[in-house]
2 protein chains.
Amino acid sequence: MEPLVAAGTQFMREVNAAAVLTRLRAEPSMSVSALAKAVGLSRQAVTRALNALAEEGLIEFGSLDRDSTRAGRPAQLVRFRAEAGHVLGVSISPQDLRVAVADLCGTVVASEAVQFGAHPSADEVVRTLLSTIERTLAAAGRTSLWFASIGTPGIVDPACGVIKLIPSMPGLTGDVLLNRLKEPLGCPIYLDNDVKLATQGERRPDAERREDSLVMLHWGERVGAGIVLNGELYRGASNDAGDIGFLDLFEDGGSPRSRHPHGLGPFEDRVGGEEIVRQATAAAGRAGDGEFLSRVEAAGERAFEAVLAAFADGTPAAVEAIDVVARRFAKGISVIRAILNPRLVVIGGPMARCGEPLLAALRRHLAGEPLDQPVLEVSALQQDAVVHGALLHSLDEIERTRFGLVRTPLSS
Amino acid sequence: MEPLVAAGTQFMREVNAAAVLTRLRAEPSMSVSALAKAVGLSRQAVTRALNALAEEGLIEFGSLDRDSTRAGRPAQLVRFRAEAGHVLGVSISPQDLRVAVADLCGTVVASEAVQFGAHPSADEVVRTLLSTIERTLAAAGRTSLWFASIGTPGIVDPACGVIKLIPSMPGLTGDVLLNRLKEPLGCPIYLDNDVKLATQGERRPDAERREDSLVMLHWGERVGAGIVLNGELYRGASNDAGDIGFLDLFEDGGSPRSRHPHGLGPFEDRVGGEEIVRQATAAAGRAGDGEFLSRVEAAGERAFEAVLAAFADGTPAAVEAIDVVARRFAKGISVIRAILNPRLVVIGGPMARCGEPLLAALRRHLAGEPLDQPVLEVSALQQDAVVHGALLHSLDEIERTRFGLVRTPLSS
DNA sequence: CAGATTAGTTCCGTACCATACATAATTATT
DNA sequence: AATAATTATGTATGGTACGGAACTAATCTG
């Protein structure tokens, strides 16, 4: 409800061009007359708009519609040129790097993933990123890049593109990433927390989006939530809404450990990767499963992944451990439910690999709750969730700034 | 971003009229030239828009600007006719009824409050409501009513104006209220839960509204929350977001009572009015304060209010009791903080009467939290919070439907 | 009282859209 | 095969809203 002003009649044309384009983007191709009928304008108004759009390269007049069985002069087909521009989605983590390029319809035209060695330096990350992006763009063909969205762990301020805190890759703190990518990419760059971007990727794509509400729970070594309400990401007053690692739900003093080991919050401490490993080894010790114990021991830093793999195999100690933390995690979900009442809760992050058995455990622990519980899912995209969310964010941004009504409004 | 279509040049005029009106509403009166400069249109365009608006009765050409010290022809002043229409705000509770009428600028021009006897019947409520509205409207003078918003306890579906569940006044269940008011009021009627309406009243009135986030915690016999995020009320997937009475934070089994007495949720059971009375009598028993005990006893159904009054007087047992529940309540706030990170938390409902001492207790219990905590306030409007929120909602609705850009768009 | 200054009004050209009519290309009918 | 019907496109005309320039109106200043 910004105070738009219709200064001059070209405003009208822009409104109509936006409407025509929006309608056309929903279809592979349409005739001018069909567009006019669908959009509610006269044919000639649509033609004018289409000419302007063709000038911009956003649409293309195709061949005649010879396939139609109907009588009469065949229609001139018009097509949205999805290849007129491309968007980039990037996911950065200490383990790997994922890059994808999509056209303006969201179709992924090229993607690549690169694994890092242990503890890559910031410079290595940036250089690998640049070369990977270059290769991916080359694979996508000669394209103009319109927007790039990048997800990283840690605390990010998307307004100025600055990484505030990133313990797993401290070298990326600040505007390093933005500065070194700005020139090579030559398009607006959006930086945000990976969980928040991934959450946007889980939104409903259809018309009901504005009504949608969902919470994505990243569950791994640490725990964090991305929150989408009324169809848009909610950030919170100081940009850390969804910091549920700091939920303090278990005051019964189950463990005598220090309050916040390694900077973990109370909830993470009771359901995160470290606790899962602890629970699993304890369970294995009770059951006398020396084979499993030594396997976890051998995994060293990757003990958590070893437990997850064992869970997939059905190893009893791992199953028992994950059931223990699932009970605690369910309590977190019930709290989120009471406050937010979301339609959907998606489990993402490493724990998503546990799949349906994990969901079953969570549902079991939630069964006694008095309120109706949200739909529970495991992220279908797994490791690609962040890249996917980043691509969708880029497309949203394009839609808002280039295809939307709010293109050249004069504000009062 | 609805697919608006500019069909015909009159669309342009409507957009411009809306812009002119929006600008004018921010000022007591303005000259045409000043408006043109402020809005970015030519003088003629503004004049045309003003003529149309004057036709509708929304503005008025006033006297010349004789106060101006500047040289030249004095300007013709234009004024927004706030008295062109009025809106109604109503609050219904089992104890009382509050009605207020405001003009289109939100200035309250008449209001009235009526106390009920114990347990009024639905018919009594409706009849009292009708006569009170009639008196209030009469006091406001000859006015046309544009919109009415009504807040009631219980579960309300605002989309269809139906009260789903209202244990304190079961006779109002269903569409009774809507049906009996529709004809006499002769304007759109909006029904919603009282806490949700009151919450909207606490939103920032300024331009930052779209960024604002706040939680209003109704704290009385029962506990519920209203949530405003990104400047708009958040309802949740099944319309019961903020049902924090059902938070289950205290699993240490402090009390051996049955799980959900009187339909109360676990959190309400540990911080609500009944528990406060229990704590207060227990404390008085320990301290041997027989005078206080008998005062509470004598209050009968109003024991909770007696304890609140005692707290205001500084009676030790009441202070002690409220400190106990404040500790528990603070835990609820910290959970809300971790998930939502709101800018502001407002305490409303009966407990708001405890004022600053209560806030001090809550802040004390929150001091140890690792995350920065939101601003804590007590509702300044107290019992008028719901009427105020209802008025604001009515005005918002008017702004959206009559003053906004989205007036007569053709949708595709 | 003349000139300066600011405000409001009138006229005209431009741009947009809608309606109506003419033309083009195809299918169905005779 | 010629003609009618159908559908899509292209072109002319009229109405309306905007902006700019020129003009009129009302006040102040010297």
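Here the structure is a predicted model, which means the values were calculated and not measured. Hydrogens, waters and symmetry mates are skipped; everything else that's a heavy atom, side chains included, is used. Per chain, numbering begins at 1; letters A, B, ... match sequence-line order.
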_Using the side-chain heavy atoms of B:Ser33, tell me which of these nucleotides is nearest: C:dG8, D:dC18, D:dT9._
C:dG8

*asked:* B:Glu60: which residues meet the side chain to side chain donor-acceptor pair (under 3.5 Å) condition with it, sequence neighbours left out?
replied: B:Arg79

_For A:His393, is there any backbone N or O sitting under 3.5 Å from a side-chain donor or acceptor partner on A:Ser149?_
no

Check nucleotides 4-6 of chain C for protein N or O atoms closer than 3.5 Å to its own N or O atoms and list the pairs.
{"unit_1": "C:dT6", "atom_1": "O2", "unit_2": "B:Arg73", "atom_2": "N", "d": "3.0"}

*Measure the distance from CZ on A:Phe61 to C1' on D:dA8 and round it to the nearest whole Å.*
14 Å

*Would you call the rings of B:Phe80 and B:Phe403 parallel, tilted or perpendicular if under 30° counts as parallel and over 60° as perpendicular?*
perpendicular

_If you assign each of B:Thr9 and B:Val32 to its closest nucleotide in DNA chain C, which residue comes earlier from the 5' end?_
B:Val32

_I need the CD-C1' distance between A:Gln76 and D:dT7, as an integer number of Å._
14 Å

_Under the side-chain contact (heavy atoms from CB on, under 4.5 Å) test, residues paired with A:Leu181 that sit two or more places apart_ = A:Leu129, A:Leu130, A:Ile133, A:Ile150, A:Leu177, A:Leu185, A:Ile189

*asked:* With a 4.0 Å cutoff (strictly under), does any side-chain N or O of B:Asn16 reach OP1 or OP2 of D:dA17?
replied: no

*Atom CD of B:Gln10 to atom P of D:dC18: distance rounded to whole Å?*
11 Å

*Would you please name every residue forming a side chain to side chain donor-acceptor pair (under 3.5 Å) with B:Ser33, sequence neighbours left out?*
none

_Could you work out how much the helix from C:dC1-D:dG30 to C:dT30-D:dA1 bends, comparing the axis of its first five pairs with that of its last five, to 10°?_
20°

_For B:Leu41 versus B:Ala45, what's the shortest heavy-atom pair and its separation?_
CB-CB, 4.2 Å

*Near DNA chain D, under 4.0 Å by heavy atom, which residues of residues 41-49 of chain A?*
A:Arg43, A:Gln44

_For atom CE of B:Met12 and atom P of C:dT14, their distance in whole Å_ = 16 Å

_Rounded to whole Å, please give me the gap between CG in A:Leu35 and C1' in D:dT9._
14 Å

_Any non-hydrogen side-chain atom of A:Leu229 less than 4.5 Å from a side-chain atom of B:Asn230?_
no

*Nucleotide C:dC17, atom C1' - distance to CZ of B:Arg13 in whole Å*: 16 Å

*Report the distance from atom CD of B:Glu14 to atom C1' of D:dC18, rounded to the nearest whole Å.*
16 Å

*Within the side chain of A:Thr107, is there an N or O that forms a donor-acceptor pair under 3.5 Å with the backbone of A:Asp103?*
no

*Below 4.0 angstrom, N of the basic side chain to O of the carboxylate: do A:Arg209 and A:Asp396 qualify?*
yes

*Examine distances only and state if a side-chain atom of A:Arg203 and a backbone atom of A:Gly231 form a donor-acceptor pair shorter than 3.5 Å.*
yes

*Separation of B:Leu50 atom CG from C:dG8 atom P, in whole Å?*
10 Å

*Flag, side chain of B:Thr143 to backbone of B:His86, donor-acceptor distance under 3.5 Å*: no

